[in-house]
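Throughout, protein chains are lettered first and strands after them, A, B, ... in sequence-line order, and every chain is numbered starting at 1.
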Number of protein chains: 2
Amino acid sequence: MSYTKTEENYLKAIYGLESKFGKSVSTNKLANKLETKASSVTDMVKKLAKKELITYKKYQGVSLTKCGKEIAINIIRNHRIWEVFLVEKLGYKWDEVHEIAEQLEHIKSEELVDRLDDFLEHPSFDPHGDPIPDKKGNIPTRKEAIQLNELAIGEEGIIVGVKNTNNEFLQYLEEMNLTLGKKIKVEKVFDFDKSKIIKTEKKKVTISKEVSSNLIIEKS
Amino acid sequence: MSYTKTEENYLKAIYGLESKFGKSVSTNKLANKLETKASSVTDMVKKLAKKELITYKKYQGVSLTKCGKEIAINIIRNHRIWEVFLVEKLGYKWDEVHEIAEQLEHIKSEELVDRLDDFLEHPSFDPHGDPIPDKKGNIPTRKEAIQLNELAIGEEGIIVGVKNTNNEFLQYLEEMNLTLGKKIKVEKVFDFDKSKIIKTEKKKVTISKEVSSNLIIEKS
DNA sequence: CAATATTTTTAGACAAGTCTAAAAATATAT
DNA sequence: ATATATTTTTAGACTTGTCTAAAAATATTG
Ligand SMILES: [Mn+2]
Ligand SMILES: [Mn+2]
Ligand SMILES: [Mn+2]
Ligand SMILES: [Mn+2]
């Protein structure tokens with residue numbers, strides 16, 4: 001069984017919203033995420049329900065079935081492996097790959113992504129620090145990952161991920177030298193707005209609460 | 001300006017048939033090539049004509065405009081570069097890549113194929129010996145290429161291309177050890193059916209006229 | 001709890017691309 | 001040159017995914 005690009009994008013969006021909010025996904029949330037109208041979502045959601053990829057009760061939102069979830073995770077796997085390829089092999093920057101991966105993730109071939117995965121030597125995380133599901137759908141975890149937010153004065157860690165993968169944010173981080181793998185130390189926390197002074201190997205930077213809550217750190 | 005996958009496939013098909021037959025392309029030929037119906041072709045052809053990608057006069061067939069030709073060549077460039085990638089980097093065999101390249105050729109990104117081209121070190125020919133157009137649309141040529149057909153007894157050459165890229169034919173060639181880069185010598189020609197005995201480095205094989213007219217050779 | 005606001009669904013329409021069946025144009029054969 | 005065959009176009013319909021406007025259901029609030 002193979003699905004259209006649109007169906008795959010709906011499933012992926014449902015998966016994302018389900019994970020984020022931990023409950024069934026409303027028509028409006030989905031419409032917003034997919035940049036379409038609620039009425040379009042209602043139509044598509046009926047189709048996916050008939051194919052048993054989601055469960056749907058009128059006015060009650062949707063959630064993925066086992067099968068729908070498998071498909072969603074597979075698309076995410078494709079997306080992230082392609083992102084690794086684009087950065088590692090073609091020299092793209094981390095803020096340039098998402099759009100292209102959105103297209104590449106829908107290429108229909110059982111084998112292609114597996115071969116790409118071999119070629120890339122089975123990466124566990126993508127260029128934004130997001131975990132890459134394996135062929136069976138298992139998603140790698142990091143035991144010790146916390147938000148930079150939760151790091152106290154004097155504590156150190158390594159940047160291993162970003163929560164927000166918005167291009168402008170990624171470019172900002174690049175300029176601040178706060179990219180994946182960088183070692184950082186909390187120098188100071190301003191209580192009134194929770195902004196922090198962060199020491200990296202090269203320089204000191206001040207970041208807002210907004211920024212520190214979007215950086216994933218492994219304590220060291 | 002960006003075009004749909006369908007539009008791109010029509011342009012590519014028209015390009016192929018125009019090159020092959022050297023005249024304007026009929027509705028039926030196009031329908032046959034694209035595995036669709038003549039009525040569908042008529043509809044689409046009107047659309048492409050309105051966009052000035054082809055010229056079309058009712059009952060007279062179509063041909064590409066300069067702009068349409070540029071697009072077609074670009075898609076062919078994408079296709080062939082992806083085929084090189086699949087074979088050279090992911091270890092696919094030459095009979096396994098066409099289908100996937102049919103999908104990958106439509107990925108929308110000015111930059112992607114250029115970067116891939118750099119990564120592959122600017123190949124001039126794809127895994128089937130077909131020339132890869134450059135960014136500007138220039139298509140590399142081989143001065144000395146002839147059909148194995150035209151090689152007389154005792155003459156030698158190197159296989160540099162196949163005219164027919166049908167999977168079964170490619171698999172047959174693989175088994176006969178008649179793949180790209182192989183050195184061959186014509187040992188004997190049977191006049192009654194123009195079949196030939198060919199000596200490769202490893203063994204002697206007998207091939208039909210059909211086969212020898214589909215192999216491109218550089219004399220040596 | 002009733003009035004109001006918000007969310008969701010329905011109804012009907014549209015664009016892209018395709019199809020079948022029939023009509024019109026062109027090509028071929030007597 | 002006329003009849004026949006083939007090719008091409010038109011007409012009308014279908015599917016997928018989308019939209020707007022209006023109706024129905026649910027949520028919020030005084
Ligand atoms: Mn991404
Ligand atoms: Mn990512
Ligand atoms: Mn090909
Ligand atoms: Mn090829």
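The closest donor-acceptor contact from the side chain of R142(B) to the backbone of I216(B) lies at 3.5 Å or more, if one exists at all. Using modelled atom types, one side-chain atom of T65(B) and one backbone atom of L53(B) make a donor-acceptor pair closer than 3.5 Å.
For the pair K89(B) and F119(B), the cation sits on the ring face: its NZ or CZ lies under 6.0 Å from the ring centre, inside 45° of the axis. Taking the ring centre of Y3(A) as origin, the terminal cationic atom of K51(A) falls outside the region bounded by 6.0 Å and 45° from the ring axis.
For CD of E210(A), the number of neighbouring non-hydrogen atoms (other residues, nucleotides, ligands) closer than 6.0 Å is 12 at most.
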Base versus backbone protein contacts along nucleotides 6-18 of chain C [heavy-atom cut-off under 4.0 Å; B, S, -]: -SSBB-----SSB
